[in-house]
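Keep in mind that what you see is a predicted model, and the values were worked out from it rather than measured.
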Amino acid sequence: MSYEPEAGAAQTRIGDAEREAAVRVLGEHFAAGRLDEAEHSTRVDTAFAAKTEAQLDELFVDLPYVSAGDAEADGPKGRPPGQRGPFGP
């Protein structure tokens, strides 16, 4: 799930698939010990209420980059230099 956002993409509306992908990534951060139970729960609630990419991105500003595919496949990955995409600039 990587892409190069266009200008204004942060205000692009999202759907259930994007919300569910964000929740999977939050689960990976929780499993890795980066989030405690209360913070994970709060961020999951916020993810399910998000309407735009910017609202999801805000949930990940203090966390290393993990794509939804990485979370399912083989754990956290550092963000490649210059990579942009969902869940963080």
For Ala38, is there any backbone N or O sitting under 3.5 Å from a side-chain donor or acceptor partner on Thr42?
yes
Taken in chain and number order and not counting sequence neighbours, the residues that satisfy side chain to side chain contact (heavy atoms under 4.5 Å, CB included) with Val44 are Val23, Leu26, His40, Phe48
Next item on the list: Decide side-chain contact (heavy atoms from CB on, under 4.5 Å) for Arg19 and Ile14; before the verdict, give the C-alpha distance in whole Å, the side-chain angles of both, and the deciding distance to 0.1 Å.
Entry: CA-CA 7 Å; Arg19 290 181 198 95; Ile14 57 167; 3.8 Å; yes
For Leu56 and Ala50, the nearest pair of non-hydrogen atoms, with its separation, is CD2-CB, 3.7 Å
Taking every heavy atom of Glu28 against every heavy atom of Arg34, the minimum-distance pair comes out as O-NH1, 4.4 Å
Check your understanding: Quick one: are Leu59 and Val25 in side-chain contact, heavy atoms under 4.5 Å?
Key -> no
Heavy atoms of Ala54 and Gln11 approach each other most closely as CB-NE2, 4.1 Å
d(Glu18 CD, Lys51 NZ) to nearest 0.5 Å is 13.5 Å
Separation between CG (Asp62) and NE2 (His29), nearest 0.5 Å, reads 9.0 Å
